[in-house]
Amino acid sequence: MILVALGSNLESAGFGGPRQTLEAALDVMPSYGIAVIRKSSWYSSAPVPTSSQPWFVNGVICVETSVGPSDLLAKLHAIEERFGRKRIRKNECRTLDLDLLAFGESRLAVQQGLMLPHPRIAERAFVLQPIDEIAPAWRHPVTGETAADMLSRLPGQQRIRRLGTTS
């Protein structure tokens, strides 16, 4: 199973607010050879780590592709750039953030900027909640835990709420 996290907390020129930007990013994925199989609900979440920047809209998708992890990451970065993403500082506001969370059972140490599974999955409610929604049987390739297992151990200060359905 290939899992990708999506997030946005800035407007994107030509696409609109964060939720519209995320929907538009989903629409272009097939042209990059990425088929979206399942999509979680959208969630609104406070920035992690805590900061004064705007809240994010987040979700997770399950995808299929014919390329390997490094090539998929390159395609995800190309989509981010198409939507105006500029990588200047860590944890900054962004028009679009696409994170490769898991690629089957792959376990990679840092290789071309990629580490699998994503090293911070277990720390983020805005990733775990959507994973649990679309893939409750998924297990972390290293720990064997489900998203629900990891969610149950998170401290309660991460603020997240499920948004209504798309209009």
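Residue numbers run from 1 in the order of the sequence given.
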Next on the checklist: One pair to check against side-chain contact (heavy atoms from CB on, under 4.5 Å): Leu3 and Ile61. What are the steps and the verdict?
Outcome noted: CA-CA 6 Å; Leu3 296 172; Ile61 55 176; over 6 Å; no

Next on the checklist: Let's go through Phe56 and Asp97 carefully: what are the C-alpha distance in whole Å and the side-chain angles of both, what is the deciding distance for side-chain contact (heavy atoms from CB on, under 4.5 Å) to 0.1 Å, and is it a yes or a no?
Outcome noted: CA-CA 10 Å; Phe56 281 82; Asp97 186 27; 5.6 Å; no

Item to check | Non-neighbouring partners of Arg161 that pass salt bridge (charged side-chain N to carboxylate O under 4.0 Å, His left out), sequence neighbours left out | outcome: none

Checklist outcome for this item: Tightest non-hydrogen contact, residues Cys62 and Ile134, listed as N-CD1, 3.9 Å

Checklist outcome for this item: With Pro117 as partner, the option from Thr143, Val142, Leu101 fulfilling side-chain contact (heavy atoms from CB on, under 4.5 Å) is Val142

Checklist entry - By side chain to side chain contact (heavy atoms under 4.5 Å, CB included), which residues pair with Ser12, not counting sequence neighbours? => result Phe15, Thr21, Phe83, Thr95

Next on the checklist: Tell me every residue that passes salt bridge (charged side-chain N to carboxylate O under 4.0 Å, His left out) with Glu133, counting only those two or more places apart in sequence or in another chain.
Outcome noted: Arg162

Checklist entry - Judged by atom type as modelled, is there a donor-acceptor pair below 3.5 Å linking the side chain of Gln20 to the main-chain atoms of Gly17? => result yes

Item to check | Gap between atom CE of Met115 and atom CG of Leu100 - 0.5 Å precision | outcome: 13.0 Å

Next on the checklist: For the CG atom of Leu128 and the CE atom of Met150, what is their distance to the nearest 0.5 Å?
Outcome noted: 5.5 Å

Checklist outcome for this item: Sequence neighbours excluded, the answer for side chain to side chain donor-acceptor pair (under 3.5 Å) partners of Thr146 is Asp149

Item to check | Any Val4 side-chain heavy atom under 4.5 Å of Val60 side chain | outcome: no

Checklist entry - About how many Å separate CZ of Phe103 and CE of Met1, when rounded to the nearest 0.5 Å? => result 13.0 Å

Checklist entry - Atom CG of Leu108 and atom CG of Leu114: how far apart are they, to the nearest 0.5 Å? => result 5.5 Å

Checklist entry - Sequence neighbours excluded, which residues qualify as salt bridge (charged side-chain N to carboxylate O under 4.0 Å, His left out) partners of Asp132? => result none

Checklist entry - Are Leu10 and Leu76 co-members of a hydrophobic cluster defined by side-chain heavy atoms under 4.5 Å apart? => result no

Checklist outcome for this item: Shortest non-hydrogen pair, Arg19 vs Leu163, comes out as NH1-CB, 3.8 Å

Could you list the donor-acceptor pairs under 3.5 angstrom formed between side-chain atoms of residues 24-33 and any protein atom two or more places apart in sequence or on another chain?
{"residue": "Ser31", "atom": "OG", "partner": "Val28", "partner atom": "O", "Å": "2.6"}
{"residue": "Tyr32", "atom": "OH", "partner": "Arg82", "partner atom": "NH1", "Å": "3.4"}

Item to check | Residue pairs passing the side chain to side chain donor-acceptor pair (under 3.5 Å) test where at least one lies in residues 54-65, sequence neighbours excluded | outcome: Ser45-Asn58

Checklist entry - With side chains defined as the heavy atoms from C-beta onward, is the minimum distance between Trp42 and Leu22 less than 4.5 Å? => result yes

Item to check | Salt-bridge contact Glu145-Arg153 (side-chain N to carboxylate O under 4.0 Å) | outcome: yes

Next on the checklist: Please enumerate all residues that pass side chain to side chain donor-acceptor pair (under 3.5 Å) together with Gln158, with sequence neighbours excluded.
Outcome noted: none

Checklist entry - What distance do Phe126 atom CZ and Ser40 atom OG have between them, rounded to the nearest 0.5 Å? => result 12.0 Å

Checklist entry - CZ of Arg124 to CD1 of Ile131: how many Å apart, nearest 0.5 Å? => result 11.5 Å

Item to check | Flag side-chain contact, heavy atom, 4.5 Å: Asp99 against Val127 | outcome: no

Item to check | Shortest non-hydrogen separation from Val67 to Lys75 and the atoms involved | outcome: CG1-CE, 3.8 Å

Next on the checklist: For Pro54, give me all partners under side chain to side chain contact (heavy atoms under 4.5 Å, CB included), at least two apart in sequence or on another chain.
Outcome noted: Asn9, Cys93

